[in-house]
Amino acid sequence: MNSLFSLPLPFLVLSFITILCALYVVTSKNPVHSVLALILAFFSISAHYVLLNAQFLAIVNLMVYAGAIMVLFLFVLMLLNLNKDSEPVKSKIWGIAATISAGMLLLVITAAFQKSGVAIYKGSADDIGLVKNLGRVLMTDYLVPFELSGILFVSAMVGAVLLGKRESNSESLLDKGNS
Amino acid sequence: MQLLNIFKSLDISHYIYLSTVLFSIGMFGVLFRRNAIVLLMCIELMLNAVNLLMVAFSEYMGDAQANGQMFVFFIMVVAAAEAAVGLAIIVMVYRNTRKTDVSFLDSLKD
C-alpha cells in the first residue's frame, strides 16, 4: 500500500469530509446539528458514488436520504421540540466503553481484511450506473424484489400512520404511571 | 460516459477502510448516544457505509449486470421504510413519556 498522500485528491478530500461529518454526527450535543452534519455526509457519499460510476445512485441517494429521510428527521425534531441540548449528562464510563467497543470492531474488521486476499481489478463496465441500464435490470432481473418493495412501502406507510395516530380516549402511560 | 476511472490509481482496500471507519463511527454512536433520534441517524450512517462499499465493489469487479447497485437500491428502500416506522415509534414513545431517551425504555425489565 502506498502512502496516504499519493492517493487521488478527490478521494482524499471526500473521505476526509465524510469521516469528519460522521464524527460530528455522533459527538454533537444538539440533534439539529447532527442532522445537518449527516446531510453533509450524505452529500459527500453521493460524490463518492459519482467517482465510482454510479451516477443514478448518486442522485437517488441525494433525493431519498438528504431530501426525504433527513427532512423527516428534522421535522420530528422540530415537532418534538428537541432542538436544544436535551440529552442528560452521562458518566464517563459509557464513553470509554463505547470507544473501546467501536475501536475493537474497527480493529477486528481491518485485521480480517489484512489477512484476506484482494481480488484483481476486472475493469469497470461502462454506462452501468446510468438510469437506462439500471432501469432495464430493475424491470427484468429484479422485478419480483421491486414489487415486494412496493408492498413493503405500503405496509410501512400503514404502520407509520397507525403508530403516529393520536389515541383519543385512552390515557397516556405517563398519566397511568403518576396516578 | 465515464467521468473518472478511480481504480486506476486506487485500490479497493481504501474503500474497505473508509467504509469500516464509517461503520465503526456509526456503531460508536449507537453505543454512546441515548437520544433515540440520533440513534436512528447512526443506523442510517452504518447503512450508508455498507452502501458505499457495495457500490465500490460493483465498480471494482466490473459488474455488468449492476447487481451491486441494485442491492444498494433495495437497501435504500428498506432504510426509508425503517426510518418512517422508527420515527413514528419515537413520536409515540415521546407522547407517552415526554422523552426520547432510550435509557428510560426499560419497563420490560421489571
Side-chain angles (χ1 to χ4, degrees), chain A residues 7-8 11 15 18-19 22-23 25-26 31 34 38 45 48-54 57 60 64 69 72-73 76-77 80 82 87 94-95 98-99 101-102 105-106 109-110 113 118 121-129 133-134 137-138 142 145 149 152-153 156 159-160 163-164 172-174, chain B residues 1-7 9-10 12-14 16-18 20-22 24-25 27-29 31-35 37-38 41-42 44-45 48 52 55-56 59-66 69-70 72 74 76-77 80-81 83-85 87-92 94-98 100-101:
Chain A
L7 295 178
F11 176 79
S15 307
T18 313
I19 290 175
L23 278 176
V25 168
V26 298
S34 296
L38 195 55
I45 286 176
H48 269 300
Y49 289 170
V50 173
L51 282 187
L52 289 168
N53 261 332
L57 271 186
V60 166
V64 172
I69 296 183
L72 199 64
F73 274 96
V76 169
L77 278 178
L80 300 190
L82 292 174
E87 200 157 316
W94 274 108
T99 312
S101 311
L105 178 75
L106 183 67
I109 296 179
T110 47
F113 285 142
V118 177
Y121 178 40
K122 295 224 178 79
S124 60
D126 280 347
D127 286 354
I128 195 66
N133 201 344
L134 282 183
V137 176
L138 189 64
Y142 288 89
S149 64
L152 175 72
F153 257 134
L163 283 172
S172 72
L173 275 176
L174 186 69
Chain B
M1 188 188 74
Q2 198 152 11
L3 291 174
L4 178 67
N5 197 345
I6 191 79
F7 285 120
S9 49
L10 202 61
I12 189 71
S13 59
H14 297 116
I16 293 176
Y17 292 134
L18 174 64
T20 311
V21 169
L22 277 181
S24 302
I25 291 172
M27 192 79 204
F28 170 76
L31 292 173
F32 182 58
R33 299 302 297 264
R34 283 293 168 270
N35 190 340
I37 296 179
V38 182
M41 280 159 50
C42 292
E44 300 289 331
L45 197 64
N48 261 280
L52 179 63
V55 173
E59 166 76 5
Y60 188 77
M61 302 304 283
D63 184 9
Q65 282 298 306
Q69 299 195 13
M70 277 299 124
V72 173
F74 289 118
M76 280 181 187
V77 168
V85 175
L87 284 172
I89 290 175
I90 289 174
V91 168
M92 196 187 68
Y94 180 80
R95 233 180 248 146
N96 284 331
T97 64
R98 295 286 142 199
T100 56
D101 195 333

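Proteins get letters first, then strands, A, B, ... in listed order; numbering begins at 1 in each.
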Counting only heavy atoms closer than 4.5 Å, note whether Ile89(B) contacts chain A via side chain, backbone, both or neither.
both
Picking from Thr110(A), Ile45(A), Leu134(A), which has the most non-hydrogen pairs under 4.5 angstrom with chain B?
Leu134(A)
Do you know which two heavy atoms are closest between Gln69(B) and Ala54(A), and how far apart they sit?
NE2-CB, 3.6 Å
Looking only at Phe153(A), Phe73(A), Phe113(A), the option with the highest number of non-hydrogen pairs under 4.5 Å against chain B is Phe73(A)
Go through Leu57(A), Thr99(A), Val64(A), Leu152(A) and name the one with the most non-hydrogen pairs under 4.5 angstrom from chain B.
Leu57(A)
Counting only heavy atoms not in Met76(B) (residues, nucleotides, ligands), do more than 12 fall under 6.0 Å from its CE?
yes
Looking only at heavy atoms, which two atoms of Pro31(A) and Met41(B) are closest? And how far apart?
O-CE, 4.5 Å
Heavy-atom distances under 4.5 Å only: say whether Phe74(B) touches chain A with side chain, backbone, both or neither.
side chain
Where Thr20(B) and Ile16(B) come nearest, the two heavy atoms and their spacing:
OG1-O, 2.5 Å
Choice from Gly29(B), Ala83(B), Ser24(B), Ala84(B) maximising heavy atom contacts with chain A below 4.5 Å
Ser24(B)
Contacting moiety of Ile25(B), where chain A heavy atoms sit under 4.5 Å:
both
Where Leu18(B) and His48(A) come nearest, the two heavy atoms and their spacing:
CD2-NE2, 3.6 Å
Measure the shortest side-chain to side-chain distance between Val72(B) and Val60(A) over non-hydrogen atoms and say whether it is less than 4.5 angstrom.
no
Part of Leu72(A) lying under 4.5 Å from any heavy atom of chain B:
both
Is it the side chain or the backbone of Ile37(B) that comes within 4.5 Å of chain A heavy atoms, both, or neither?
both
Most heavy-atom pairs under 4.5 angstrom with chain A, which of Val91(B), Ile12(B), Leu45(B)?
Leu45(B)
Backbone of Leu80(A) reached by a side-chain donor or acceptor of Tyr94(B) within 3.5 Å
yes
